[in-house]
Every structure is written in structure tokens, then in C-alpha cells.
Amino acid sequence: MTLSDEEFREEYKPLHIPAHFDVQDTQQNKAIYALAQIGEGTVNSVLKELETLQPGIVNEQLTALVKTTLADLFNKGLLKGEEHNGQMHYNLSKITEANDGSTRHE
């Protein structure tokens with residue numbers, strides 16, 4: 001199936017990272033927020049952070065959704081990830097340190 005330009009832009013738009021945790025937000029946004037809070041982690045560490053943010057939230061359905069969401073975002077190139085010991089470790093690949101290099105080539 002070929003996507004129209006508009007469909008492509010919608011499907012691959014930059015990832016929105018919520019500024020704060022909102023219990024009324026979508027489960028996907030909650031998962032993205034949790035990943036942003038921990039910086040890098042597995043599905044299990046994202047679920048642990050979600051449980052900290054909203055006790056009682058984690059169940060079988062949410063576990064499946066977080067696993068699928070993170071894998072889909074990774075496959076679209078919207079998340080970075082590396083496999084360690086058989087588990088995928090996801091991150092948002094945010095720049096956390098200022099560039100101290102020069103732009104001039106000498």
C-alpha cells in the first residue's frame with residue numbers, strides 16, 4: 001500500500017513528548033512520557049515507571065500495548081534502540097550535553 005504525502009507525514013511525524021504526565025492522556029503518550037523520564041530502558045523499565053507515575057495502571061493489556069508501541073516507534077525510526085542480552089533498550093536519543101566543538105575545519 002502506498003501512502004499519500006499527507007498520510008506519510010501523519011504516520012512519520014516527529015514524536016511528541018508530553019511535558020507532564022496526565023492520567024487522562026493516551027496510553028501511548030504515557031509510555032513515551034515514562035521513557036523520557038527514565039532516559040533509556042526496556043519495556044519492563046517503562047512499565048515500572050508507569051506504575052510509579054500511576055499506581056495500579058499496569059496490566060496485561062497495557063504491557064502488550066507498551067511493547068507494541070515502543071517496537072512500532074523504533075521500526076519507524078522515531079525511537080533509538082539497542083539490543084542487550086536479548087532485550088531491546090529504547091531511548092529518545094535526546095541531546096543531553098552541549099556541543100563543545102567548533103564548526104570550522106582547520
Side-chain angles (χ1 to χ4, degrees):
M1 181 176 109
T2 303
L3 298 176
S4 70
D5 287 347
E6 186 175 323
E7 291 168 330
F8 181 86
R9 282 190 295 274
E10 179 63 27
E11 186 71 17
Y12 292 93
K13 67 184 176 187
L15 189 60
H16 167 73
I17 302 167
H20 61 278
F21 187 81
D22 182 353
V23 296
Q24 301 300 318
D25 210 342
T26 66
Q27 302 294 47
Q28 177 174 322
N29 279 348
K30 289 177 184 181
I32 294 166
Y33 180 83
L35 179 60
Q37 293 306 295
I38 61 175
E40 177 179 317
T42 63
V43 169
N44 288 338
S45 51
V46 170
L47 290 167
K48 184 178 177 183
E49 180 66 15
L50 283 169
E51 184 66 30
T52 300
L53 294 165
Q54 186 177 347
I57 189 175
V58 176
N59 58 33
E60 205 172 293
Q61 182 180 0
L62 181 66
T63 300
L65 182 124
V66 169
K67 185 176 184 177
T68 302
T69 296
L70 295 178
D72 287 349
L73 292 171
F74 172 77
N75 290 334
K76 289 179 185 176
L78 299 174
L79 287 180
K80 298 287 184 190
E82 290 184 3
E83 193 171 318
H84 299 285
N85 300 323
Q87 283 195 317
M88 185 62 91
H89 291 249
Y90 297 99
N91 71 71
L92 298 170
S93 68
K94 297 188 298 186
I95 297 172
T96 57
E97 295 179 17
N99 181 358
D100 59 358
S102 172
T103 57
R104 292 182 38 175
H105 294 281
E106 296 185 34

Take Leu53 and Glu49 through the side chain to side chain contact (heavy atoms under 4.5 Å, CB included) test and state the conclusion after the steps.
CA-CA 6 Å; Leu53 294 165; Glu49 180 66 15; 3.9 Å; yes
Kindly indicate, with the supporting measurements, whether the criterion side chain to side chain contact (heavy atoms under 4.5 Å, CB included) is fulfilled by Leu15 and Lys76.
CA-CA 10 Å; Leu15 189 60; Lys76 289 179 185 176; over 6 Å; no
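A distance of 10.0 Å separates CG of Leu92 from CD of Gln37, quoted to the nearest 0.5 Å. Here the CG-CG distance, from Asn91 to Leu70, works out to 11.0 Å after rounding to the nearest 0.5 Å. Put simply, CD1 on Ile57 and OG1 on Thr52 are 11.0 Å apart, with the number rounded to the nearest 0.5 Å. Atom CG of Asp22 sits about 9.5 Å away from atom CD of Gln54, to the nearest 0.5 Å. Annotation: the span from Gln24 atom CD to Lys30 atom NZ amounts to 7.0 Å, rounded to 0.5 Å.
Residues Phe74 and Leu79 approach most closely at CD1-O, 3.6 Å, considering heavy atoms. Here the closest non-hydrogen pair linking Ile17 and Ala36 is CG2-CB, 3.8 Å. Pairing each heavy atom of Pro18 with each of Ile32, the nearest pair is CD-CG2, 4.1 Å. For the residue pair Met88 and Gly81, the shortest heavy atom distance occurs at SD-C, 3.8 Å. In plain terms, the two heavy atoms of Val66 and Leu47 that are nearest each other are CG2-CD2, 3.9 Å.
Relative orientation of the Tyr33 and Phe21 rings is tilted, given thresholds of 30° and 60° on the angle between their planes.
Ile38 is not listed as a side-chain neighbour of Lys48, based on a closest heavy-atom distance of 4.5 Å or more.
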